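Everything below concerns the one structure shown next.
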Amino acid sequence: MVGDPLGQVESRMAEQVVAIAESRSVETLGHAVSLAIEQRTGSPAIGLYLFKDACPALLFSSHVDEGMLDLYQSGLWRSDPILNHVTATGCCGDGETLVGRDNWQHSLTFRAISQWGFHYNLGGPIRSGDMIVGVLYTAREQEYFSYTASDRLCMDLVCRASSLAISSLINFGALCGLEMPPPTKPAREYSPPATEFLPPRLADVAIGICRGQTNKEIAREIGISDQTVKDHLAILCRRFGAHNRTRLAAQLATRLFAL
């Protein structure tokens with residue numbers, strides 16, 4: 001019997017989303033995020049930061065030179081367009097788009113990351129409840145290979161799944177040793193642009209489905225009624241042509257990662 005390549009890809013994507021959302025340690029989360037982003041963008045480089053005294057403090061990094069991390073921590077973050085965009089809008093963004101293609105290679109950010117072989121960077125918000133508590137970055141080395149709308153969609157999904165994991169780690173006291181105080185800046189209400197793939201509530205329900213949660217568990221976690229979860233589930237099934245929750249989880253991961 002010939003295997004189903006598409007089905008195998010869908011399953012792998014769904015497994016990556018679930019692995020991120022269900023991570024119960026910083027190291028497990030970091031490696032799961034790095035793997036998922038590499039699958040979509042070709043680069044495993046990530047930096048995960050949580051805010052401490054209104055400043056980003058490194059929680060986990062992978063495939064990033066210590067010198068680059070030190071440069072960012074020493075004050076580069078203060079003029080980082082991605083960080084400003086993420087905390088102001090609650091949306092993902094890449095440096096080139098925010099600065100402008102014509103200005104990108106003349107920007108401070110480009111000059112900084114290019115010292116370590118990177119040409120583009122991308123970031124998104126990490127949330128706990130209705131607060132932005134951190135930021136997730138990635139960067140790629142390929143020249144003339146800008147981030148696309150689908151890359152930003154992938155980052156958005158990874159950030160949502162990572163936010164669930166970080167919220168669980170905070171609730172379980174797993175980050176107490178890091179002395180992370182409550183975030184100092186609330187997120188604005190999330191209003192995704194027209195290019196975003198799913199509205200935020202549908203995306204939250206989708207991640208819950210990927211995690212294998214029941215309707216009641218999803219409703220309790222994101223603060224909506226059981227009936228609203230059922231309504232969102234029906235919308236998602238129609239949109240993705242899925243006839244059960246397992247197939248829906250695979251379809252969601254595939255569409256969001258591989259647009």
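Bear in mind the structure is a predicted one, so any value in this text is a computation, not a measurement.
- In this structure, CD on Glu22 lies 11.5 Å from OG1 on Thr28, to the nearest 0.5 angstrom.
- When every heavy atom of Cys92 is checked against every heavy atom of Gly124, the shortest pair comes out as SG-CA, 3.7 Å.
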Could you go through the side-chain contact (heavy atoms from CB on, under 4.5 Å) check for Ile224 and Val205 one step at a time? CA-CA 10 Å; Ile224 60 178; Val205 171; 4.2 Å; yes
Mind running side-chain contact (heavy atoms from CB on, under 4.5 Å) on Asp94 and Met155 for me, showing each step along the way? CA-CA 10 Å; Asp94 67 279; Met155 190 64 161; over 6 Å; no
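- Here CG of Leu236 is found 7.0 Å from CZ of Arg239. Values are rounded to the nearest 0.5 Å.
- From Leu58, atom CG reaches atom NZ of Lys52 across 12.0 Å, with rounding to the nearest 0.5 Å.
- Smallest separation of non-hydrogen atoms from Ser34 and His63: OG-ND1, 4.3 Å.
- Formation of a donor-acceptor pair under 3.5 Å by the Arg24 side chain with backbone atoms of Leu169 is not found in this model.
- For the pair Leu233/Lys230, no side-chain contact is recorded, criterion being any heavy-atom separation below 4.5 Å from C-beta on.
- Centroid-to-centroid, the aromatic rings of Tyr144 and His119 stay 6.0 Å apart or farther.
- By the 6.0 Å and 45° rule, Arg140 stacks over the aromatic ring of Phe145.
- Hydrophobic cluster membership differs between Leu35 and Ile126, with clusters built from Ile, Leu, Val, Met, Phe, Trp and Tyr side chains linked at under 4.5 angstrom.
- Taking 4.5 Å as the limit, every side-chain heavy atom of Ser163 sits out of range of all side-chain heavy atoms of Ser128.
- Looking only at side-chain heavy atoms (C-beta outward), Glu221 and Leu164 come within less than 4.5 Å of each other.
- Within 6.0 Å of CD in Glu27 there are 12 or fewer heavy atoms belonging to other residues, nucleotides or ligands.
- Residues Val158 and Thr138 have side chains not in contact (no heavy-atom distance under 4.5 Å, counting atoms from C-beta outward).
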Begin with the C-alpha distance, continue with both residues' side-chain angles, and end with the deciding distance and a verdict on side-chain contact (heavy atoms from CB on, under 4.5 Å) for Thr109 and Phe118. CA-CA 10 Å; Thr109 300; Phe118 295 109; over 6 Å; no
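- Between Tyr147 and Asp151 the shortest heavy-atom distance is CA-OD2, 3.4 Å.
- In this structure, the side chains of Leu83 and Pro56 come closer than 4.5 Å at one or more pairs of heavy atoms.
- Contact check for Leu48 versus Val33: no side-chain heavy atoms found under the 4.5 Å cut-off.
- Here the CD1-OG distance, from Ile37 to Ser162, works out to 7.5 Å after rounding to the nearest 0.5 Å.
- Across all their heavy atoms, Cys91 and Val86 have their closest contact at O-CG2, 3.5 Å.
- At least one side-chain heavy atom of Phe60 sits less than 4.5 Å from a side-chain heavy atom of His31.
- Minimum heavy-atom separation, Ser43 to Ala139: OG-O, 2.6 Å.
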Assess the residue pair Tyr49 and Tyr72 against the criterion (side-chain contact (heavy atoms from CB on, under 4.5 Å)); give the C-alpha distance rounded to whole Å, side-chain angles, the decisive distance to 0.1 Å, and a yes or no. CA-CA 11 Å; Tyr49 293 82; Tyr72 181 83; 3.5 Å; yes
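- Without hydrogens or angle criteria, Ser114 side chain to Phe110 main chain gives a donor-acceptor distance under 3.5 Å.
- Atoms OG1 and CD1, from Thr87 and Ile132 in turn, are 6.5 Å apart once rounded to the nearest 0.5 Å.
- Between the OH atom of Tyr137 and the CG atom of Asp80 there is a distance of 3.5 Å, given to the nearest 0.5 Å.
- Nearest heavy-atom pair across Gly123 and Ile82 is CA-CG2, 3.7 Å.
- The residues Asp156 and Arg160 are annotated as salt-bridged, a charged nitrogen and a carboxylate oxygen being separated by less than 4.0 angstrom.
- Residues Arg40 and Ser150 meet the side-chain proximity criterion, which asks for heavy atoms closer than 4.5 Å.
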